[in-house]
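Computed from a prediction, not measured in an experiment: that's the story for all the values here.
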Amino acid sequence: MQNKKSLAGLLLLRKIVAIFFDFFLNIYLFRLTNGNFNFILLYAAVNAILGCVYGFFLMKGINSKNANFIFKLSYVCEIVGILMLLLLKENLLSAVWIFAAISRFAKSSFYAVYETTLISSTKKDSLSSYVAGAAILENIIALPAPAIMGFLIDDVSYSIVFVIILIDALISIFIVSRMNFKVINDNFSILGYWKKASRKKRIRQAYLVMFLKRLSGDDGVLSQLLPILLFLTLGTEFSAGSYDSLFSVIYIIMLEIVRIFNKKGAKKRFYVPLALFCLISAITMVSSPSVATVLLFYFAMKTGGHLNGAETASMIYAIGKKEKLSSYTREHQFTWNIFLTLGHLAGIGIAFVVYNNFYNKDIFAAIIVVLMIFFVLHSALLQKIEVTLKNK
């Protein structure tokens, strides 16, 4: 229980840093490259591949003796990455791949310990409630952050935001230095795990859900496209950040509804309707491009799309215990990250082909509709697994 509380507290602090890296960094790189979306896709692909490579070595090497060191190292690397932003500024492109390698390792090593600790210290029936509760706290704490960051970028510079996230990271590493996280198993037998897992239909379905999630969800190629799309539509970082903050209010309400569902043990039948809402809003945006339709689609993904993604994370955390594979926690974690990486690369590949062969705003926007069709498939399969997880 203490691990869960400590992790939740760190997530609140890390949310500030994550908002910049997940939202404003894409806009920043887009500006530095004079609107070269191919570079954005290349940067995303390199990040995805690095994440998979780091994941293998982290899962293979992490154990009860070095987990705490790896967790602290993640923050050291995060601070180094922020210092590179602060010192290089407009010259970041001269060392962008070093920056990518360091910042990606920071994220991978953080979640290597975070997810392993979380799965080990939480019962399967409480994971969704924990994830929803932590997400509520994250979004409440960070609710004004996108708008504030956008305002500071527009009225001062990116540098002031770099300083803010650096201070946040320094506070976090001070807290981390007083913690001690351990994983529960020292062995890493990926081939042995795959042999067992491949015989379980529900596990295979869960990994397919992860592939579809990263292919079509807001943490895949859309995570690169949506901030830039919003920025180009609204014109400034402040406007883009303000709408991101505004839509977070609705998302918090939806997360609280999920917590109520979990407390009552009710089956959650909203995955497919939310995905259909995302699909319909995407079709509306493509058929009638305007500020209003772009905002409608962003709202759909920020709320319904993001909620389905959070519930997918809860499912993949819980299913290993449901299938009695707890002794393979790290193998399970590494495998689902492989499928996430493959989904991300598939989405990047689709966007690259369309962007370079059909350089037309309307045709390029149509790729979002294709991704949303996959998102509906993702949500339907997630719904199916959710029902089976509720069955004792």
Side-chain angles (χ1 to χ4, degrees), residues 2-25 28-29 43-44 46-89 91-118 120 134 138 141-142 145 149 158-183 186 188 330 333-334 337 341:
Q2 186 61 39
N3 277 340
K4 289 170 59 181
K5 292 179 179 179
S6 300
L7 288 171
L10 285 172
L11 277 178
L12 302 186
L13 289 169
R14 199 175 191 279
K15 181 67 175 178
I16 304 298
V17 178
I19 286 172
F20 175 81
F21 277 92
D22 294 342
F23 188 85
F24 289 103
L25 181 62
Y28 187 60
L29 292 175
Y43 184 86
V46 170
N47 258 276
I49 294 170
L50 283 173
C52 192
V53 173
Y54 289 152
F56 173 76
F57 288 105
L58 285 166
M59 290 300 100
K60 184 176 176 62
I62 194 172
N63 56 52
S64 57
K65 296 179 180 179
N66 63 20
N68 200 50
F69 170 77
I70 291 174
F71 200 68
K72 293 175 182 177
L73 184 60
S74 72
Y75 279 95
V76 172
C77 291
E78 190 165 80
I79 290 170
V80 171
I82 297 170
L83 285 173
M84 289 184 69
L85 285 170
L86 187 58
L87 296 174
L88 294 176
K89 298 180 182 178
N91 295 318
L92 178 65
L93 294 180
S94 64
V96 70
W97 302 119
I98 297 174
F99 169 78
I102 292 173
S103 59
R104 181 65 221 197
F105 182 81
K107 183 175 182 179
S108 294
S109 52
F110 174 90
Y111 281 105
V113 180
Y114 167 76
E115 290 176 336
T116 304
T117 304
L118 179 60
S120 303
E138 281 184 90
I141 296 296
M149 285 186 187
Y158 270 95
S159 296
I160 187 64
V161 175
F162 299 158
V163 172
I164 290 172
I165 60 176
L166 176 61
I167 293 172
D168 182 86
L170 289 171
I171 294 173
S172 296
I173 199 170
F174 174 77
I175 295 173
V176 169
S177 67
R178 297 170 176 268
M179 294 181 176
N180 185 32
F181 296 126
K182 294 182 179 180
V183 295
D186 292 340
F188 184 75
R330 289 181 292 144
Q333 185 179 344
F334 173 66
N337 276 287
T341 300

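In plain terms, the two heavy atoms of Tyr75 and Ser172 that are nearest each other are CE2-CB, 3.3 Å. Closest heavy-atom contact between Ala112 and Gln333: CA-NE2, 3.4 Å. Residues Ile70 and Ser109 share a closest heavy-atom pair of CG2-CB, 3.7 Å. Of all heavy-atom pairs spanning Ala169 and Ile79, the tightest one is CB-CG1, 3.7 Å. The two residues Leu88 and Ala95 come nearest to each other via the heavy atoms CD1-CB, 3.9 Å. Pairing each heavy atom of Ile82 with each of Phe162, the nearest pair is CG2-O, 3.4 Å.
Considering only residues two or more places apart in sequence or on other chains, Cys77 meets the side chain to side chain contact (heavy atoms under 4.5 Å, CB included) condition with Leu73, Ile102, Phe105, Ala106. With sequence neighbours excluded, the residues that form a side chain to side chain contact (heavy atoms under 4.5 Å, CB included) with Ile171 are Leu13, Ile167, Ile175. By the ring pair (Phe, Tyr, Trp, His ring centres under 6.0 Å) test, Phe57 is found to be paired with no residue, residues two or more places apart in sequence or in another chain being considered. Partners of Asn47 according to the side chain to side chain contact (heavy atoms under 4.5 Å, CB included) rule, which considers only residues two or more places apart in sequence or in another chain, are Tyr43, Ala100, Arg104.
Other residues, nucleotides and ligands place more than 12 heavy atoms under 6.0 Å from the CG atom of Leu87. Heavy-atom neighbours of Lys15 NZ from other residues, nucleotides or ligands within 6.0 Å: above the threshold of 12.
Distance check, rounded to the nearest 0.5 Å: CG of Leu58 to CZ of Arg330 gives 10.5 Å. Between the OG atom of Ser108 and the CE atom of Met59 there is a distance of 9.0 Å, given to the nearest 0.5 Å.
A side-chain contact (heavy atoms from CB on, under 4.5 Å) with Phe99 holds for exactly one of Val80, Leu85, Leu93; it is Leu85.
Residues Ser74 and Val113 have side chains not in contact (no heavy-atom distance under 4.5 Å, counting atoms from C-beta outward).
For residues 66-87, every residue pair satisfying the salt bridge (Lys or Arg N to Asp or Glu O under 4.0 Å) rule, not counting sequence neighbours, is listed here: Arg14-Glu78.
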